[in-house]
Amino acid sequence: MYQVLVADAINAEGLQPLLDYADAQLIEKKVTDADVDLEKIDAILVRSATKVTEELLEKMPQLKIIARAGVGVDNIDVDAATKRGIIVVNAPDGNTISTAEHTFAMMASLMRNIPQAHASVKNMEWKRNTFVGNELYGKALGIVGLGRIGSEIAKRAKVFGMTVLVFDPFLTKERAQSLNVQSCTLDEVLEQADIITVHTPLTSETKGLINEQALEKTKKGVYFLNCARGGIIDEQALAVFIGNGHVAGAALDVFEVEPPGEHPLLKFDNVIVTPHLGASTKEAQLNVATQVAQEVRTYFEDKPVTNSINLPAMSKDIYDKIRPFHHLSKQIGSILSQCVKEGVHELSITYAGSVSDLETTYLTKALLSGFFKNRIDVHVNEVNALLTAKERGITVGEKISTNSFGYANSITVTAKIENRQFTLRGTYIDHYGPRIVYMNDFNIDFHPEGNLLYIQHMDRPGVIGRVGKILGDHSINIATMQVGRKEAGGEASMVLSFDKPLESTAFELLSKLDDIVIMNQISL
């Protein structure tokens with residue numbers, strides 16, 4: 001009999017898959033309750049209230065699976081769970097429809113002044129001319145980020161007769177065609193859209209994506225929506241542009257700080273707001289509860305779970321052997337993703353040397369999870385990585401080779417894009433750890449950790465000096481530098497590491513140097 005601790009308030013109907021399972025006993029109590037024997041708990045279901053820390057995990061030696069009834073797992077120490085072979089699952093798409101519908105409701109309300117008109121009538125007024133709105137039909141909707149939610153919004157917008165412009169640097173032509181949307185640059189969306197809605201994860205790259213410079217590129221009278229993550233839109237800059245009349249209005253379900261308190265955007269009548277309600281429907285709450293309850297039952301029935309965000313459970317011996325290559329694979333995938341900003345249609349992965357004797361399928365999925373991290377708006381893991389690639393129209397190939405390029409082991413991945421390809425190779429060396437030894441046709445050698453900068457440049461005297469001067473002028477200390485070239489006077493490359501992320505001003509100045517061909521910031 002499996003002991004399942006339901007530590008937070010979870011929809012009772014959603015727990016039915018476990019209630020119907022004869023081999024599970026549900027205990028609906030808090031982890032701090034004195035009558036809960038944590039040592040005998042096999043599974044724990046939580047929402048956001050319970051913090052599953054390393055300290056708590058130490059008290060639960062029998063725990064096999066942690067289920068989060070929702071998308072975010074910020075309250076779970078995933079690394080500590082992984083080290084113990086504990087699976088962590090969530091419900092990544094349980095609120096997709098809920099959030100898409102909320103966004104569309106906010107859009108319609110914003111365009112037709114519905115909240116303002118409602119308040120006016122409630123106040124015993126009848127000002128029809130004051131609340132003349134605008135139709136959605138015929139408008140150009142700009143969607144920034146075409147993940148699951150963005151895709152659902154695009155489908156609904158097409159039904160409403162809207163033109164859909166999409167900025168998603170990882171969107172392939174095939175997927176854009178299948179959804180009948182126009183793939184655009186961010187500038188094209190900003191310049192052409194009548195309404196712009198953001199649906200990206202919040203990362204270092206997307207934080208402040210819609211800033212003062214972006215707002216200046218928009219047409220006068222544009223509307224903005226954010227039902228994704230607070231911080232994607234620079235709220236202070238948005239307030240300025242609403243105040244001067246350039247932006248006609250905004251609808252926000254999220255803020256950078258919640259609750260927002262005395263926020264300048266709340267002073268405008270043409271800004272409508274809700275208290276982070278995107279996932280707050282009865283159906284969504286039921287969906288996420290049912291999904292995770294079913295996942296736990298599936299695991300107990302010795303079947304593969306589909307929404308794990310870490311390594312599936314395996315024996316300690318196997319995990320110890322695969323762990324260094326698992327980490328290397330994720331790092332390779334992450335570096336590749338940060339260096340290849342376009343839509344990728346094929347990934348070819350080759351294993352050679354001792355690594356080829358292991359379960360390389362796990363490593364391929366780990367590489368994909370690293371590749372998709374921060375690239376799309378859902379968690380990708382070793383279980384759903386191949387399915388995610390298929391949904392994105394990416395062909396994934398895996399093969400074994402006898403050529404390990406002089407190393408005891410090697411993992412090589414080639415990304416094929418529209419008109420070019422990018423190859424990355426890594427190896428794991430005992431006592432030295434993971435190394436990247438080949439990058440975009442250059443032999444190189446660096447440790448894939450921390451804050452990195454990859455520069456491809458012409459091999460001319462003074463290039464490295466000019467790069468160093470700009471960094472020095474900005475008090476940026478270079479921790480390490482690795483260089484490589486094909487031939488004297490041709491193209492060369494360098495990888496620099498820093499103690500902290502590179503400032504945007506320094507990056508922009510470096511990108512303007514004449515001999516710089518390609519430059520990518522990499523954060524690992």
Side-chain angles (χ1 to χ4, degrees), residues 1-96 98 276 278-313 378-379 381-384:
M1 180 70 69
Y2 294 110
Q3 303 290 306
V4 181
L5 179 62
V6 183
D8 292 333
I10 293 177
N11 185 294
E13 186 181 352
L15 295 173
Q16 203 61 45
L18 285 170
L19 292 170
D20 293 339
Y21 186 50
D23 291 334
Q25 178 185 1
L26 268 63
I27 304 167
E28 297 188 53
K29 294 182 179 293
K30 295 182 179 180
V31 294
T32 54
D33 288 350
D35 57 344
V36 175
D37 189 351
L38 295 176
E39 292 187 356
K40 295 183 179 179
I41 299 299
D42 298 289
I44 182 171
L45 275 65
V46 301
R47 290 187 67 189
S48 58
T50 298
K51 309 301 180 186
V52 185
T53 62
E54 185 168 12
E55 181 182 6
L56 178 61
L57 294 176
E58 289 175 354
K59 300 175 183 178
M60 307 177 78
Q62 197 168 301
L63 190 66
K64 302 172 180 65
I65 183 169
I66 303 166
R68 164 69 163 93
V71 178
V73 290
D74 296 343
N75 58 317
I76 299 172
D77 190 332
V78 178
D79 290 338
T82 302
K83 291 175 183 177
R84 289 168 170 77
I86 300 169
I87 291 182
V88 180
V89 299
N90 69 343
D93 57 356
N95 64 352
T96 297
S98 173
H276 208 143
S280 296
T281 62
K282 293 178 180 178
E283 294 85 352
Q285 297 303 312
L286 174 59
N287 287 341
V288 296
T290 303
Q291 282 186 22
V292 295
Q294 184 59 56
E295 286 281 69
V296 172
R297 176 171 174 168
T298 296
Y299 175 77
F300 286 156
E301 292 174 339
D302 200 26
K303 299 175 184 176
V305 297
T306 57
N307 291 312
S308 168
I309 65 167
N310 61 349
L311 262 179
V378 295
H379 287 292
N381 54 77
E382 287 76 4
V383 177
N384 67 356

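Note that the numbering runs from 1 along the sequence shown for the chain.
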Of all residues at least two apart in sequence or in a different chain, which pass the side-chain contact (heavy atoms from CB on, under 4.5 Å) check with Ala91?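 Ala91 satisfies side-chain contact (heavy atoms from CB on, under 4.5 Å) with Val288, Gln291, Val292 once adjacent residues are dropped.
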What heavy-atom pair brings [X] and [Y] nearest, and what distance separates the two atoms?
X      : Y      : value
Asp8   : Arg47  : OD2-N, 2.7 Å
Ala293 : Gly14  : CB-O, 3.4 Å
Val296 : Ala67  : CG2-CB, 3.8 Å
Ala69  : Ile10  : CB-CD1, 4.2 Å
Ile44  : Val46  : CG1-CG1, 3.8 Å
Ala279 : Ala284 : O-CB, 3.3 Å

Could you work out, with salt bridge (Lys or Arg N to Asp or Glu O under 4.0 Å) as the rule, every residue matching Glu58, not counting sequence neighbours?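 Once residues adjacent in sequence are excluded, the partners of Glu58 under the salt bridge (Lys or Arg N to Asp or Glu O under 4.0 Å) criterion are Arg84.
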Do [X] and [Y] have side chains that approach each other closer than 4.5 Å (heavy atoms only, starting at C-beta)?
X     : Y      : answer
Leu45 : Leu18  : yes
Ile66 : Leu57  : yes
Leu38 : Val36  : yes
Glu13 : Lys282 : no

Sequence-distant partners of Phe300, ring-ring contact (aromatic ring centres under 6.0 Å, His included), two or more places apart: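 By the ring-ring contact (aromatic ring centres under 6.0 Å, His included) rule, Phe300 matches Tyr2.
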Please answer whether the main-chain N or O of Gln62 pairs with a side-chain N or O of Lys64 as donor and acceptor at a distance below 3.5 Å.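 Yes, because the side chain of Lys64 sits within donor-acceptor range (under 3.5 Å) of the backbone of Gln62.
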Is a side-chain N or O of Asn95 found less than 3.5 angstrom from the main chain of Gly70, in a donor-acceptor match?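 Pair absent, no side-chain N/O of Asn95 close to backbone of Gly70.
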From [X] [atom1] over to [Y] [atom2], what is the distance, rounded to the nearest 0.5 angstrom?
X      : Y      : atom1 : atom2 : answer
Asn11  : Gln16  : CG    : CD    : 10.5 Å
Leu15  : Asp20  : CG    : CG    : 10.5 Å
Ile76  : Ile309 : CD1   : CD1   : 6.5 Å
Leu63  : Leu5   : CG    : CG    : 9.0 Å
Thr290 : Gln285 : OG1   : CD    : 11.0 Å

Enumerate donor-acceptor pairs with a distance under 3.5 Å from any side-chain N or O in residues 23-31 to protein atoms, sequence neighbours excluded.
| unit_1 | atom_1 | unit_2 | atom_2 | d |
| --- | --- | --- | --- | --- |
| Gln25 | OE1 | Gln3 | NE2 | 2.9 |
| Lys29 | NZ | Asp35 | OD2 | 3.1 |

Could you list all the salt bridge (charged side-chain N to carboxylate O under 4.0 Å, His left out) pairs where at least one residue sits in residues 295-309, not counting sequence neighbours?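 Of all non-adjacent pairs touching residues 295-309, those that pass salt bridge (charged side-chain N to carboxylate O under 4.0 Å, His left out) are Arg297-Glu301, Glu301-Lys303.
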Just to verify, what does Asp77 make a side-chain hydrogen bond (donor to acceptor under 3.5 Å, both in side chains) with, not counting sequence neighbours?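 Residues passing side-chain hydrogen bond (donor to acceptor under 3.5 Å, both in side chains) with Asp77: none at all.
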